[in-house]
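As the structure lists them, so they are numbered: ligands from 1, and atoms in each ligand from 1.
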Amino acid sequence: MKTNLLGLDAAGLAGFFAELGEKPFRARQVLQWVHQRREGEFSRMSDLAKSLRDKLTEKACVQAPAIVGDTAASDGTRKWLLKVDGANAVEAVFIPETRRATLCISSQAGCVLDCAFCSTGKQGFNRNLTTAEIVGQLWLASKLVDTRISNVVMMGMGEPMLNLDNVIPALRLMLDDNAYGLSRRRVTVSTSGVVPEMDRLRDECPVALAVSLHAPNDRLRDRLVPVNRRYPLRELIAACNRYLEKAPRDFITFEYVMLDGVNDSDTNARELAAIAKQVRCKYNLIPFNPFPQSGFHRSSDERIRRFASVLQNAGITVTTRKTRGDDIAAACGQLAGDVADRTRRSANRVVAIKEVHA
Ligand code: SAH
Ligand code: SF4
């Protein structure tokens, strides 16, 4: 079995080179070749000794997921369907904007948390992605687009907090100056609120945090985001405040999906305003992306505007996520089933990708 170097952060690579009997600076050189220059062939790493190149070819590889779908939208959004094994594929979505370019990536195939409005959750959990599969999404996208990717959001398929063993080394590579060199403020992990793991991320690799709130009280949140039954709002807000002690930004982004007649009343907006008194936060309203048999509908544009204005009048910063890439069904985390099935599903779906305001 060859070692896939895409899955090793700086410390991991240093360990691998030590085992080969090579000096630490060689590990750094290879880190740069692989991530900065996106070189996958050791034979082309021209400043390494021939003997080392041969040794690496024999013992290691640089292997990203296979691209099985590549679609571009009229607005420049681009979506890749990536096969990670015979039965599973995940999505990565590239979102160019005027002042930044964001890549939305996945952390798991499927998700165990089963939020009521999420198609990924409806399909159940298949498996954790490896570090190589997580970083591989950024590696591939960086190779395929001309623009430098300035932001990464972990808002594709899966719950990153339930795969931190693999997510943390991937984040370290994103931040490493010898790899992608992204600012901590421009790498965002999104969670539905797995409290103990939020503390772990804070201690081991604090990056910007988005929390999928989606409901302003426990009664409603228990229904929409079932993990709330385990970690209710009071505990979630306390965890957010602990996270802020070490976070690169001084606020949490609360994501709030707008579901017609479910969580979009003026009363709900006032309840959210009360939460904003307990933790420094910004709200990001997400118009619901419908999928078959979801049982939910998107709130009207008028309702979303009114809801946002109640929050704004309370002095809270609110953004409403724009719908991007909807002509190519570019919703992060809306895929499930086998690869063939997924391709068909995503082709049929009218959806939108997520945009975080960084
Ligand atoms: N598991 C993590 C990250 C992936 S989901 C989390 O839940 O935060 C990324 C965001 O998309 C979350 O805020 C999620 O609630 C939201 N989302 C899921 N399904 C959606 C849908 N059908 N329409 C709009 N947003 C959705
Ligand atoms: Fe999982 Fe996030 Fe979907 Fe909930 S919203 S089921 S946590 S991917």
Side-chain angles (χ1 to χ4, degrees), residues 90-93 95 102-126 128-129 134 137 152-164 167 187-195 197-198 201 207-215 221-231 236 240 252-260 262-264 282-299 304 319-326 329-336 345-346 349-357:
V90 296
E91 262 186 324
V93 182
I95 312 142
T102 304
L103 186 71
C104 173
I105 65 177
S106 298
S107 58
Q108 299 181 309
C111 182
V112 78
L113 292 179
D114 199 21
C115 298
F117 49 84
C118 174
S119 159
T120 303
K122 294 282 140 251
Q123 316 301 335
F125 174 69
N126 294 319
N128 282 330
L129 296 189
I134 298 168
Q137 298 169 60
V152 171
V153 295
M154 300 212 65
M155 295 189 178
M157 285 174 87
E159 170 52 54
M161 296 292 178
L162 294 182
N163 185 19
L164 282 187
V167 164
V187 175
T188 302
V189 168
S190 175
T191 180
S192 56
V194 190
V195 164
E197 307 304 323
M198 290 165 67
L201 185 67
V207 292
L209 187 68
V211 171
S212 295
L213 198 62
H214 304 319
R221 197 163 191 271
D222 279 353
R223 199 181 118 209
L224 295 179
V225 186
V227 75
N228 193 69
R229 297 173 202 158
R230 184 97 176 267
Y231 306 111
L236 177 61
C240 288
I252 303 285
T253 302
F254 281 137
E255 298 165 276
Y256 197 91
V257 64
M258 296 298 292
L259 303 168
D260 181 40
V262 175
N263 66 353
D264 64 350
K282 293 184 180 176
Y283 283 104
N284 189 208
L285 306 181
I286 315 173
F288 171 62
N289 299 318
F291 57 91
Q293 272 100 48
S294 75
F296 293 106
H297 301 279
R298 179 185 289 188
S299 309
I304 296 175
T319 47
T320 301
R321 211 168 269 183
K322 276 178 276 170
T323 296
R324 292 276 307 262
D326 48 356
C332 302
Q334 303 289 299
L335 298 178
R345 276 166 196 280
S346 64
R349 218 157 264 170
V350 180
V351 279
I353 48 118
K354 290 105 200 191
E355 175 188 308
V356 147
H357 293 263

Test item, [X] contacting ligand 1 (heavy atom, 4.0 angstrom):
{"X": "H214", "answer": "yes"}
{"X": "S119", "answer": "no"}
{"X": "S107", "answer": "no"}

Show which atoms of ligand 2 fall inside a sub-4.0 Å distance from at least one heavy-atom site of [X].
{"X": "G121", "answer": "6 (S)"}
{"X": "E159", "answer": "7 (S)"}
{"X": "S192", "answer": "7 (S)"}

With respect to [atom], which of [options] exhibits the smallest heavy-atom separation?
{"atom": "atom 6 (S) of ligand 2", "options": "G156, S212, C115", "answer": "C115"}
{"atom": "atom 5 (S) of ligand 1", "options": "A210, C115, G193, G156", "answer": "G156"}
{"atom": "atom 8 (O) of ligand 1", "options": "S212, P160, P287, P290", "answer": "S212"}

Report the part of [X] in contact with ligand 1, treating N, CA, C, O as backbone and CB onward as side chain, heavy atoms under 4.0 Å; options are side chain, backbone, both, neither.
{"X": "V211", "answer": "neither"}
{"X": "E255", "answer": "side chain"}
{"X": "V257", "answer": "side chain"}

Q) Does atom CZ of R229 have more than 12 heavy-atom neighbours, drawn from other residues, nucleotides or ligands, at distances under 6.0 Å? A) yes

Q | Whether C111 has an N, O or S atom under 2.8 Å from atom 1 (Fe) of ligand 2 | A | yes

Q.
Less than 3.5 Å apart, any donor N or O on the side chain of E159 or S107 sitting next to an acceptor on the other?
A. no

Q: Please confirm whether G158 comes under 4.0 Å of ligand 2, counting heavy atoms of the residue only.
A: yes

Please report the interatomic distance [atom1]([X]) to [atom2]([Y]), rounded to the nearest 0.5 Å.
{"X": "N126", "Y": "C111", "atom1": "CG", "atom2": "SG", "answer": "10.5 Å"}
{"X": "F117", "Y": "N263", "atom1": "CZ", "atom2": "CG", "answer": "8.5 Å"}
{"X": "L213", "Y": "N284", "atom1": "CG", "atom2": "CG", "answer": "12.0 Å"}
{"X": "Y256", "Y": "S212", "atom1": "OH", "atom2": "OG", "answer": "12.5 Å"}
{"X": "E255", "Y": "H214", "atom1": "CD", "atom2": "NE2", "answer": "6.0 Å"}

Q: Look at the rings of F296 and F288 and say which category their plane angle falls in: under 30° parallel, 30 to 60° tilted, over 60° perpendicular.
A: perpendicular

(Q) Below a 4.0 angstrom heavy-atom separation, can you tell me which part of D114, side chain or backbone, both or neither, approaches ligand 2? (A) backbone

(Q) Is it the case that ligand 1 has an N or O less than 3.5 angstrom from some N or O of M154? (A) no

Q | Polar atom proximity, C118 to ligand 1 (N or O, under 3.5 Å) | A | no

(Q) Within the 4.5 Å heavy-atom criterion, are V207 and M154 side-chain neighbours or not? (A) no

Q. Restricting to pairs with a member in residues 109-118, which pass salt bridge (charged side-chain N to carboxylate O under 4.0 Å, His left out), not counting sequence neighbours?
A. D114-K122

Q) What atoms of ligand 1 come closer than 4.0 angstrom to any heavy atom of T191? A) 6 (C), 8 (O)

Q) Going by the order shown, which atoms of ligand 1 are within less than 4.0 Å of some heavy atom of G158? A) 1 (N), 2 (C), 3 (C), 4 (C)

Q) Can V153 and S190 be said to form a side-chain contact (heavy atoms from CB on, under 4.5 Å), step by step? A) CA-CA 7 Å; V153 295; S190 175; over 6 Å; no

Q) Q137: what forms a side-chain hydrogen bond (donor to acceptor under 3.5 Å, both in side chains) with it, not counting sequence neighbours? A) none

